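First up is the structure itself, then whatever we jot down about it.
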Amino acid sequence: MSVGLKVSVCLYPSLTLSARDFSPPSSSYLYLDRKILRPCSGKRWCKSNGKRRTEPILAIVDSSRVPELDSSSEPVQVFDGSTRLYISYTCPFAQRAWIARNYKGLQNKIELVPIDLKNRPAWYKEKVYSANKVPALEHNNRVLGESLDLIKYIDSNFEGPSLTPDGLEKQVVADELLSYTDSFSKAVRSTLNGTDSNAADAAFDYIEQALTKFNEGPFFLGQFSLVDVAYAPFIERFQLILSHVMNVDIKSGRPNLALWIQEMNKIEAYTETRQDPQELVERYKRRVQAEARL
Ligand SMILES: N[C@@H](CCC(=O)N[C@@H](CS)C(=O)NCC(=O)O)C(=O)O
């Protein structure tokens, strides 16, 4: 890294960095202060100044983000007594388990092991999780999967603030909302892929209505719970994609949803897991283009 290199950092104003700002540069990541800067390929639209830049542009990745393991990575020592949560930074299902782990303050008890799903290590399927998916939790000599099961498992088998509601009424509503998560995603996707133009609207109206049930707080069950954890990664993605691709604001006419999004964005356990919005939208557009070519 040359001294005084000028770079633009997406979402941040232009910065001038000197060699001593980086400690130590690695092949794929640069470190500035406590932030990891990841080089982005090509020129990018940087909203901070509204101009297309020609300098190298770096995206800031949260400092707590350890690099993903890929096919060239040594296998982890499975069943050595450690508790590990295998995730992908881009997977909304994995994000659920990651939020639950953070919210309960288990950062030192449950090690995060990010996997590069596009270049997955062969040992992941062979030694860790035969379903070859994320998330997976290695705990007490077992590997468990399925995000909704995992958030419940993490909540009931580890210390930290509870994510499970008290009282039968809230538990019944929680079960209903958790069982709606797949239908919710399917409905929004059917609008995005053009098969049902009204389905997303109806799905978000259902969410808006669900948010009126308990008024002691802005979350689904009043207080923050595993229902918020289950929906947050999907609402995060759908909000961005619907806004960028269809120019739809899911908050419009839905004050409870608007407040929920605002309050979710104050919860560090969640915000730490959020994806770079620009990357998220670009990945979605690339996927749609690839599907259109098939
Ligand atoms: N039902 C599962 C879905 C998990 C899932 O589909 N994860 C994706 C990444 S977002 C995956 O690992 N895909 C790899 C593959 O299918 O090969 C859950 O809730 O955990």
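Ligands are counted one by one from 1 in listed order, and the atoms in each one are counted from 1 as well. Everything quoted here is computed from the prediction, not taken from an experiment. Computed over heavy atoms, backbone and side chain alike; hydrogens, waters and symmetry mates excluded.
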Practice item. Any atoms of ligand 1 less than 4.0 Å from a non-hydrogen atom of L117? List them with their elements. Key: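 Counting from 1, the qualifying ligand atoms are 9 (C).
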Distance from [atom] to nearest protein heavy atom, with residue and atom:
atom                    : result
atom 1 (N) of ligand 1  : E146 OE1, 2.8 Å
atom 13 (N) of ligand 1 : K133 CG, 4.2 Å
atom 15 (C) of ligand 1 : R120 NH1, 3.7 Å
atom 12 (O) of ligand 1 : V134 N, 2.9 Å
atom 9 (C) of ligand 1  : C91 SG, 3.3 Å
atom 19 (O) of ligand 1 : S147 OG, 2.7 Å

Check your understanding: Looking only at side chains, do H139 and Y153 share a donor and an acceptor under 3.5 Å apart?
Key ->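 There is such a pair (donor and acceptor under 3.5 Å, judged by atom type) between the side chains of H139 and Y153.
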**Study point:** Y89 versus Q275, side-chain donor and acceptor atoms under 3.5 Å
**Key:**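 No pair is found: no donor N or O on one side chain lies under 3.5 Å from an acceptor on the other.
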Check your understanding: Do L69 and V76 touch side chain to side chain, with heavy atoms closer than 4.5 Å?
Key ->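 Sidechains of V76 and L69: in contact.
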Salt bridge check, [Y] against [X]: does any charged N sit closer than 4.0 Å to a carboxylate O?
X    : Y    : answer
E216 : K170 : yes
E263 : K266 : yes
D201 : R254 : yes

**Study point:** Any S88 heavy atom less than 4.0 Å from ligand 1
**Key:**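 It does not, in that no heavy atom of S88 comes within the 4.0 Å cut-off of ligand 1.
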